[in-house]
There are 2 protein chains.
Amino acid sequence: MTQQVEATRRVPLSRDRVLAAAVELADEVGIESLSMRRLAQELGVVPMALYKHVANKDELLDGMVDAIIAEIDPPVRDAGWKRTVRLRVLSARRALLRHRWARRVLESRTSTTPAVLGYMDSFMGMFLAGGFSVDLTHHVMHALGSRMWGFTQELFDDPANGNFADMAPDAQAAMLSEMAERYPNILKVATAASHDDGSVVGAGCDDQFEFEFALDLMLDGFERLHGQGWTSEKPAGGAAEE
Amino acid sequence: MTQQVEATRRVPLSRDRVLAAAVELADEVGIESLSMRRLAQELGVVPMALYKHVANKDELLDGMVDAIIAEIDPPVRDAGWKRTVRLRVLSARRALLRHRWARRVLESRTSTTPAVLGYMDSFMGMFLAGGFSVDLTHHVMHALGSRMWGFTQELFDDPANGNFADMAPDAQAAMLSEMAERYPNILKVATAASHDDGSVVGAGCDDQFEFEFALDLMLDGFERLHGQGWTSEKPAGGAAEE
DNA sequence: CTTGACAAGTGTACTGCGTACACCTACTGT
DNA sequence: ACAGTAGGTGTACGCAGTACACTTGTCAAG
């Protein structure tokens with residue numbers, strides 16, 4: 001009987017099982033609470049057992065990111081570059097939103113795993129296939145930056161707003177009048193962004209709208225540059241120096 | 001005599017001294033090596049002494065960020081909004097580049113200290129003063145995102161390139177041919193970006209150029225939208241739902 | 001000059017982390 | 001039947017942040 005129990009759980013660990021469990025755990029408790037010990041416990045195993053499948057925690061994080069990247073849809077076929085890029089970014093965004101920790105990990109990772117490189121490569125491919133010069137593609141990639149992954153640095157994070165909502169009404173009023181005095185512009189902009197909804201910062205705005213607004217702004221800019229055959233005029237030559 | 005020594009070092013700690021030392025230490029050894037213990041040691045004091053001046057490490061980091069923000073120049077006067085914004089961002093960029101750890105801390109911080117709010121407020125003020133609608137200003141702020149602080153997520157970080165440079169020539173060749181096979185687009189773009197210089201990724205490109213390229217692309221986009229009186233057409237009403 | 005209060009600095013100790021290293025164990029191919 | 005090995009275990013180390021009780025230095029009031 002114990003044999004059976006053991007037989008049931010004796011599905012041996014594997015790199016994939018470890019990564020999957022890590023992703024799930026991070027989804028549940030947040031990346032900051034994901035420790036090797038906690039993960040091991042979740043898998044019913046002693047912490048050091050994990051090290052037979054991942055070299056260390058950094059590699060674990062890399063693997064988790066790779067798993068998320070695998071969720072991104074491949075480029076659609078036979079659409080113009082703009083639509084292809086747009087859809088791909090939005091697909092990446094959906095994947096990253098399913099795993100909210102992924103943004104931070106991706107940002108903090110200096111690493112370039114094969115999955116990351118593969119995504120970037122195929123991303124550049126979309127522009128090149130659209131007739132962009134290698135030169136322009138390069139700058140475009142830099143300009144997109146992390147927006148290629150479907151996210152932007154949030155202006156305010158939820159907590160600030162959460163705190164506000166949790167405050168006593170009079171404290172809210174006090175804070176509001178203090179803000180009106182010290183940060184009049186923020187207040188103006190924030191309240192305009194949230195007529196019907198009582199919140200002041202952040203929550204009043206539609207992140208998805210903001211993201212697409214900025215993405216389209218950039219894509220339009222790229223289109224314009226491409227249309228006018230833009231080239232970075234580098235200082236002619238350069239062999240002269242040194 | 002020991003008295004004198006003590007008298008000399010008896011310049012008492014203060015929040016400002018702690019923050020200044022923390023900034024300096026982070027500049028020297030990197031943010032990941034900045035621990036309360038290490039900082040205390042640097043100040044010739046026992047770790048717990050710091051807690052008389054900062055509540056905890058998070059507050060220390062917040063304070064450090066605030067100190068960097070204080071280094072950003074105020075907006076220039078009597079220039080158009082575009083030039084004003086541009087110069088301000090580039091000033092922020094200079095400050096952040098003087099303290100390379102600041103980018104990460106700013107990114108990871110969910111907090112909104114008065115200094116952060118103040119900067120944002122004055123930033124919005126530049127657009128509003130330029131005649132932007134509150135609405136457009138709002139979206140523009142989101143679109144800028146962390147570029148407002150003068151940085152972008154780097155595509156590749158130095159390490160990858162550093163490793164490559166440190167490799168044996170034949171290993172380099174092997175890696176190159178492997179990359180040509182698996183990431184042909186990356187290779188194309190990267191090599192084009194670094195004709196004269198031997199490196200393959202990252203180092204070949206001029207970060208400052210890339211940053212300004214993207215910044216100007218966005219500012220031009222904003223200008224265009226502003227010129228045509230852009231408004232986000234929100235779904236009329238909304239009170240109907242709930 | 002004493003005193004006593006309060007701010008600044010100290011010492012010790014706790015918990016949790018990542019992970020090195022030596023060990024055991026159960027399955028595999030010969 | 002047995003040796004080799006991959007996978008799991010147990011113990012232990014150093015480093016982190018910080019709670020809590022303590023001493024010390026300084027200065028105002030009696």
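Order of the sequence lines sets the chain letters (A, B, ...), proteins ahead of strands, with each chain counted from 1.
Protein atom NZ of Lys52(A) is 11 Å distant from nucleotide atom C1' of dT25(C), rounded to whole Å. Separating the CG atom of Leu50(B) from the P atom of dA19(D) is a distance of 13 Å, rounded to the nearest angstrom. Between the NE2 atom of His53(A) and the P atom of dT19(C) there is a distance of 16 Å, rounded to whole Å.
Between Glu42(B) and Arg37(B), none of the side-chain N atoms (NZ, or NE/NH1/NH2) sits under 4.0 Å from a carboxylate O, so this pair counts as no salt bridge. Taking 4.0 Å as the cut-off between side-chain N and carboxylate O, Glu212(A) and Arg86(A) count as a salt-bridged pair. Note on Arg103(A) versus Glu107(B): no salt bridge recorded, every NZ/NE/NH1/NH2 to OD/OE distance being 4.0 Å or above. Taking the charged nitrogens against the carboxylate oxygens, Asp62(B) and Arg109(B) do have a contact shorter than 4.0 Å, which makes a salt bridge.
The side chain to side chain contact (heavy atoms under 4.5 Å, CB included) with Val45(B) is formed by just one residue from the set Leu13(B), Leu39(B), Val18(B); it is Leu13(B).
Within 6.0 Å of atom CD in Glu181(A), 12 or fewer heavy atoms from other residues, nucleotides or ligands are found, so the atom counts as exposed in its surroundings.
With sequence neighbours excluded, no residue forms a side chain to side chain donor-acceptor pair (under 3.5 Å) with Arg38(A).
Taking five base pairs at each end of the helix from dC1(C)-dG30(D) to dT30(C)-dA1(D), the local helix axes there meet at an angle of 10°, rounded to 10°.
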Please enumerate all protein N or O atoms sitting under 3.5 Å from an N or O of nucleotides 15-18 of chain D, with distances to 0.1 Å.
unit_1  : atom_1 : unit_2   : atom_2 : d
dA16(D) : OP1    : Ser35(B) : OG     : 3.2
dA16(D) : N7     : Arg37(B) : NH1    : 3.3
dG17(D) : OP1    : Lys57(B) : NZ     : 2.7
dG17(D) : OP2    : Met36(B) : N      : 2.9
dG17(D) : N7     : Arg37(B) : NH1    : 2.3
dG17(D) : O6     : Arg37(B) : NH1    : 3.2
dG17(D) : O6     : Arg37(B) : NH2    : 3.2
dT18(D) : OP2    : Tyr51(B) : OH     : 2.8
dT18(D) : OP2    : Lys57(B) : N      : 2.9

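For an aromatic pair to be called close, the ring centres must be under 6.0 Å apart, and His142(A) with Phe209(B) fails this.
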